[in-house]
Structures are given as C-alpha cells and as structure tokens.
Amino acid sequence: MARSDSGESVLERVVRILEAFTPDAPALGVGEVARRAGLPPATASRLVADLVAHGLLVRDDRRVRVGTRLWELASRASPTLSLRETAMPVLEDLHRVVGHHAQLGVLDGDEVLFVERLSADRAVINLTRIAARLPLHASSSGQVLLAFASTVLQERVLARPLGGFTRNTITDPAALRRVLAEIRERGVALCPGHIHLDATGVAVPVRRPDGQVVAAVSVVVPNDGEAARTVPALTEAARRIGSRLTH
Ligand code: PHB
C-alpha cells in the first residue's frame, strides 16, 4: 500500500478525512478537513479531490460533505443494516407503547454504537443519535453489551478510568463489576440519571436463536422512578427481534 514520508498509508489518511465529518460538522472547508485530520493542507486537498472524483465526498459550495455513494457502499451488504431492518417493525411497536426514545445498539470496539433511534416530540432529553456512540460503562445499552461481552473486553474496560457524565454514572470498577453480574442474572440494565440526570436508560440483550447476544434494545424515559415499568415491553421486543435473526 502507498505510504507517505511519515510511514502512514493513504488509507489511514483517507479514514481520518472521513472521520472529520460529524453530526455537528457535516460540511467542511478543505482547510478544516486538513486541520481535523491532522494533515498538511496540500495533502488533504489532493485526497479530498480523489474522494470527490469517486463520489465518496461531494462538493457543496466551497465545502465538502459525505457523498451518497459512501452511504450506498456502506449499506449495500452491511450486517448492521440487516439487523436494523429486521428490528425496525419491533422497535416501532416498542416505541408506540413506551414513547420517548427506543433504540438499538451494537458493540463496536469498546463502545456502544447506536444503529437506530426512534424519538417523539417533547420526549425526554437523549444524548444518543443514530451512528453515535457512548462508552460501555455509562449507558444502559453499553452495560448490557459489556455484561455479555468477552471477559477480555470486560477486564479492559474495568482497568481503565471510567469517565462520569453525571454524579450517577458508575465510575467505580468494583461497583461496575457488581452491576454487570446483576445484569447477567436479571437480563436488564437500569441507568437512572447515568448519562443525564433527567433521563433513565433501560436496556435488555437481543439474542440470536443460538443464544449469542448481538445487540441491545433500549428505551430512554424520564427519570421519575417509573422506568422499570418498561421492562416487560423491552423484554418482549428483544425476544421478537432475536427470533427474526437468522444470521
Ligand atoms: C442509556 O442508555 O442509559 C442512556 C442513553 C442516552 C441518554 C440517557 C440514557 O441520553
């Protein structure tokens, strides 16, 4: 693979360029792309031009954005998309019953990646977005995915500093270890005020027919002491999604 003088591959640089685009910054000038990707402006400009020529980025006035072609390539054979499509009707039913936010998250690296979220007007505050991530220890979906993850991953997370979002976030490794054991026993994670003091996350595991946990289905509801009422609807949703998963 082509490498620059710094020994970095072109592909690494391209990935950094694509990572520069975020929900808060979907359109960037080339100078800003260079800054965010940590590349010399001339290099960024050349790579951006290549990406535009392939339709992976598109020019929009004096800025560039992620192109539809990138979405097409990423979606065409994506296991994540097929999980999302399988789950969608069930997630819609869950959302009709519970209101506020219903979401589907998967383990990606050391984080939970949200692949779908249904929300409502005037729903409680929710920090998750589709294609956004949260740390495993802090969110209900993350705790579920961590509880059923490999012990290698669990120990890695437990060995690192656990950052707090609010005073309720679990930041003590021993407490997190106990919580993970409880989640394995009860099959549900409840996180009142862990991400935002006004909201409670409730999550349950989605199991494939062979028993493997492949996702977490969750709701974010007000932190008013009533969140546990959502557990039967969540459990039923997870069972329905799991039974539809064939691969
Ligand atoms: C959670 O999953 O615990 C969670 C996620 C996002 C929020 C609140 C709670 O905004």
Side-chain angles (χ1 to χ4, degrees), residues 22-24 80 83-84 87 90-91 94-95 97-149 153-154 157-158 162-173 175-207 213-238 241:
T22 65
D24 297 331
T80 307
L83 168 69
R84 181 193 157 273
V90 180
L91 210 58
L94 175 69
H95 186 239
V97 173
V98 176
H100 295 276
H101 311 273
Q103 41 207 28
L104 185 70
V106 296
L107 182 66
D108 192 61
D110 292 1
E111 293 169 312
V112 51
L113 171 65
F114 290 95
V115 300
E116 188 51 82
R117 182 184 95 153
L118 300 176
S119 296
D121 285 349
R122 288 190 289 279
V124 69
I125 184 164
N126 184 353
L127 299 191
T128 64
R129 298 276 175 274
I130 296 169
R133 293 163 178 269
L134 281 177
L136 293 175
H137 71 280
S139 60
S140 57
S141 311
Q143 287 182 4
V144 160
L145 294 168
L146 187 59
F148 294 99
L153 176 60
Q154 290 181 27
V157 170
L158 285 159
L162 302 170
F165 284 75
T166 70
R167 59 174 183 270
N168 290 2
T169 314
I170 299 179
T171 53
D172 170 36
L176 182 59
R177 211 180 272 284
R178 282 195 298 277
V179 163
L180 295 177
E182 257 171 49
I183 293 169
R184 279 188 292 273
E185 203 178 297
R186 298 194 189 148
V188 59
L190 263 154
C191 294
H194 290 204
I195 295 281
H196 189 288
L197 286 176
D198 293 343
T200 297
V202 191
V204 301
V206 175
R207 292 179 184 277
V213 172
V214 290
V217 61
S218 62
V219 292
V220 175
V221 294
N223 187 8
D224 57 4
E226 301 289 322
R229 288 178 184 229
T230 64
V231 174
L234 268 167
T235 310
E236 174 61 8
I241 297 169

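Heavy-atom basis, side chains included; hydrogens, waters and symmetry copies ignored. The structure presented is a predicted model; accordingly, all values stated were derived computationally and were not measured. Ligands are counted one by one from 1 in listed order, and the atoms in each one are counted from 1 as well.
- In terms of N/O distances under 3.5 Å, ligand 1 is approached by Asn126.
- Looking at atom 2 (O) of ligand 1, its nearest protein heavy atom turns out to be Ser140 OG, 2.7 Å.
- Residue Gln103 places no N or O, backbone or side chain, under 3.5 Å from any N or O of ligand 1.
- Within the listing of ligand 1, atoms 3 (O) sit less than 4.0 angstrom from a heavy atom of Cys191.
- When all heavy atoms are compared, the tightest approach of Leu104 to Ala215 is CD1-CB, 4.1 Å.
- Near Thr128, meaning under 4.0 Å from one of its heavy atoms, ligand 1 places the atoms 5 (C), 6 (C).
- Counting protein heavy atoms only, atom 10 (O) of ligand 1 is closest to Leu127 N, 2.8 Å.
- Every N/O-N/O distance between Ala138 and ligand 1 stays at or above 3.5 Å.
- The shortest distance between side-chain heavy atoms of Arg117 and His101 falls below 4.5 Å.
- Around atom 4 (C) of ligand 1, the closest heavy atom drawn from Leu190, Val221, Ile195 belongs to Ile195.
- Counting heavy atoms from C-beta outward, Leu158 and Arg177 have side chains that approach closer than 4.5 Å.
- The one candidate from Leu107, Leu176, Val112 that meets the side-chain contact (heavy atoms from CB on, under 4.5 Å) condition with Leu146 is Leu176.
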*asked:* With side chain to side chain donor-acceptor pair (under 3.5 Å) as the criterion, how do Asn168 and Thr166 come out once you've worked through the C-alpha distance, each side chain's angles and the decisive distance to 0.1 Å?
replied: CA-CA 5 Å; Asn168 290 2; Thr166 70; 4.8 Å; no
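- With a 4.5 Å cut-off on side-chain heavy atoms, Ser140 and His194 do not count as touching.
- Residue contact annotation: Leu134 has a non-hydrogen atom under 4.0 Å from ligand 1.
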*For Val214 and Arg207, run side-chain contact (heavy atoms from CB on, under 4.5 Å): C-alpha distance rounded to whole Å, both residues' side-chain angles, the deciding distance at 0.1 Å, then the answer.*
CA-CA 6 Å; Val214 290; Arg207 292 179 184 277; over 6 Å; no
